[in-house]
Amino acid sequence: MKEYNEQYAMELIIAKVKAGDMAAFNVLIDEYKAMAFTLALKLMKNREDAEEVAQDAFLKAYKNIKQFEGNSKFSTWLYTIVYNTALTRLRKKKIQTSDISHHREELLSSYSESGKEWHRLQKVERSGYIKQALDLLSSEDQVVITLFYLNENSIQEICEITGWELSNVKVRLHRSRKRLLKVLEQLLDTEVRSLL
Amino acid sequence: MKEFNLSDKELKALLQEEGLEEPSLSFNRIILEKAQLSQKVAAFTIPIWGKVIFALLVVSPLIYLLITGNGLNLGMDQLNIKAPDLSLNVDLSSTYQYISLLTIATIWLAVLFNKALNQQKQGKVKNS
């Protein structure tokens, strides 16, 4: 029931934005800016660029809001714009994002005390390690993990946002998760060794 | 060989605890300003005097040339309609002069258009 009400409220807001209501557009920005910015940041690796990308995406969404027919969720539509805007900006800047995780994998040890160490860590510390580990992954890994785990997008929605094939998303998600855990393991392992 | 592992549920909880990144405080304002500006630009209408000048300088002579020109036969002579004796009365003795006048008029209109856009922009800054 709550979900239905939220959806109905969002439909009303979108209808108002389509009619040119700036206050409604402001509400829409407030609702999605954090996720749009986070997604842009995962790709751009720079707060200024990410902010510009997210702002451009919102502006594009506003200009083309009449094309949004409600066949998919508004968030999915918006994040598709964010993703494509970021990719276009990256192409323009010719930034070559290297997949650090591949290099990292070679360095990882097969066994460590990281599992035990993980459970000893406080919540705040764990969160810090997750952030560090996530930052060490490639942009694509970060995007798929952010969308799936953080924003709880379905595999199908991730396909819509990124334009990847369904099988590709599944494989990428599986590998990204594995890489994240390995990087996390290595970070914890280093921590344990430094204490010894 | 023991692998470090976390369940999907644990991973989701951890990432959600980490939360989302927040943009700067001016994020909304910048978007709203740009959106308003884009609306104004889209709604920009050419003033009536601009249209009159355009009609006088471009459309009327073109229509005149089409009707009276040598290259185009509309069969008007068969209808026995006398071509109107029109003159712009700006002492245009050649095509070169006429094109020059058109160029100047175009530049002039472009400058006026630019001025109007600048005034809109300044108005927006003052309001904000």
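We name chains A, B, ... by the order of the sequence lines, and we start the count at 1 in each one.
Side-chain contact between A/L43 and A/V143: present, with at least one pair of heavy atoms (C-beta onward) separated by less than 4.5 Å. Side-chain contact between A/F37 and A/R47 is present, with heavy atoms from C-beta onward closer than 4.5 Å.
By the neighbour-count criterion of 12 heavy atoms within 6.0 Å, atom NZ of A/K60 is densely surrounded, having more than that number from other residues, nucleotides or ligands.
For the pairing with A/D141, the salt bridge (charged side-chain N to carboxylate O under 4.0 Å, His left out) check across A/R179, A/R172, A/K182 returns one residue only, A/R179.
Using a 4.5 Å cut-off between heavy atoms, A/N151 does not touch chain B at all. For A/A54, the parts lying under 4.5 angstrom from a heavy atom of chain B are both the backbone and the side chain. Only the side chain of A/L41 comes within contact range of chain B, with heavy atoms under 4.5 Å apart. Heavy atoms closer than 4.5 Å to chain B are found in the side chain of A/L180, but not in its backbone.
Here A/T146 contributes atom OG1 and A/L39 contributes atom CG; the two are 7.0 Å apart, rounded to the nearest 0.5 Å.
Across A/M35, A/E51, A/K63, the residue that shares the most heavy-atom pairs under 4.5 angstrom with chain B is A/E51.
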